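Written out below as structure tokens is the structure these notes cover.
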Amino acid sequence: MEDFLKTLPQHTCSWSKGTVTFYKYQGFWNIQDFLEGEIIAQQSFKAQPNDIFLCSCPKTGTTWLKALAFAIVTREKFNESTSPLLTTMPHECIPFLEKDLKQIEDNHKNSSFPLVATHLSYTSLPESVISSDCKIVYIYRNIKDVINSNHHFIPAALNIPMEDVSFKETFDEFCQGISWYGPYWDHILGYWKASQERPGRILFLKYEDMKKDPKSNVKKLAEFIGYPFSVEEENAGVVDNIIKLCSFDKLRNLEVNKTGMHRPEDFPIENRLYFRKAEDGDWENYFTDEMKRNIDNLVDQKLSGTDLVLK
Ligand SMILES: Nc1ncnc2c1ncn2[C@@H]1O[C@H](COP(=O)(O)OS(=O)(=O)O)[C@@H](OP(=O)(O)O)[C@H]1O
């Protein structure tokens, strides 16, 4: 692996004091640990027809989508008082393609649990996923809040003091496309193009739309993944209860998400870091006017010809 990594374009983030190096593989940047998982998944993962993939670039609403999808799929077994989400952080409820292949294979053999999460770009998905008819849900978010969320998450996850990390540096890197699983716009475009080629296969959810109207988006999600709510369930408040259970305030205040650790033995990150502010427009506290102009121009240039709104 080390020899292979040397052949790839690489970028060491100056703010990380040499601790974070991204490698560009198949057009997208990743860190070594996750890149290794990506390559293993590409070589060996065999999608099953019932698999449902939850796909996203980091910091776009992944944790929320995972919680909602998990609550929807397991609602016959658990309710809002018994859900594993009360004691397990959402990332641990759904296996991650780049890291949990064994668990996914076990699910294929021993259970009907269909959810698999990944941050991979569409073109980096294992061939068996691309050639299958598996359903794909893709969540995306306003680029400015993603830049801001990334800026706060990665240094904190790596125990680098925030005061040592300049917003300008992380912003400039992001605009050059250098971010975890970035370029962000290419990540979105890959799924968008695939959805144009095979309409109906990919459900696009937008973080801001979900916040504005959680109910219709949660119903849309449930319908798309094949777990639609019945009228009786809706009347009994099942949809509302799932929305409450998966809400930012509910999840953030759970003991497990305040004090627990995600992947303690492998890639330890405090759970609380996944629940920062969840505020639309928090970017305004960090962007200069010039940054705003630059990113708006960049998005206009990169996403022209699509109906995607990232500003
Ligand atoms: N339940 C719920 N509802 C709404 N928003 C939520 C929720 N959980 C997490 N968040 C906010 O999502 C941001 C983290 O994005 P991701 O979950 O994609 O991060 S990651 O990829 O899993 O690392 C991050 O956004 P910022 O607060 O703007 O940084 C989280 O606070």
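Everything numeric here is computed off the predicted structure, so don't read it as measured data. Whatever order the structure lists them in is the order used to number ligands and atoms, beginning at 1. Residue numbers count from 1 along this sequence.
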Side-chain touch Tyr227/Ile52, heavy atoms, less than 4.5 angstrom: yes

Residue contacts for ligand 1, heavy atom to ligand atom, distance under 4.0 Å: Pro58, Lys59, Thr60, Gly61, Thr62, Thr63, Trp64, His91, His119, Arg141, Ser149, Tyr207, Cys246, Ser247, Phe248, Leu251, Tyr274, Phe275, Arg276, Lys277, Ala278

Non-neighbouring partners of Tyr184 that pass ring pair (Phe, Tyr, Trp, His ring centres under 6.0 Å), sequence neighbours left out: none

Partners meeting side chain to side chain donor-acceptor pair (under 3.5 Å) with Asn241 (sequence neighbours left out): Glu80

Any residue meeting ring pair (Phe, Tyr, Trp, His ring centres under 6.0 Å) with Phe4, in chain and number order, not counting sequence neighbours: Tyr25

cation_pi(Lys59, Phe153) dist<6.0 Å, angle<=45: yes

Between Tyr191 and Tyr140, ring centroids under 6.0 Å: no

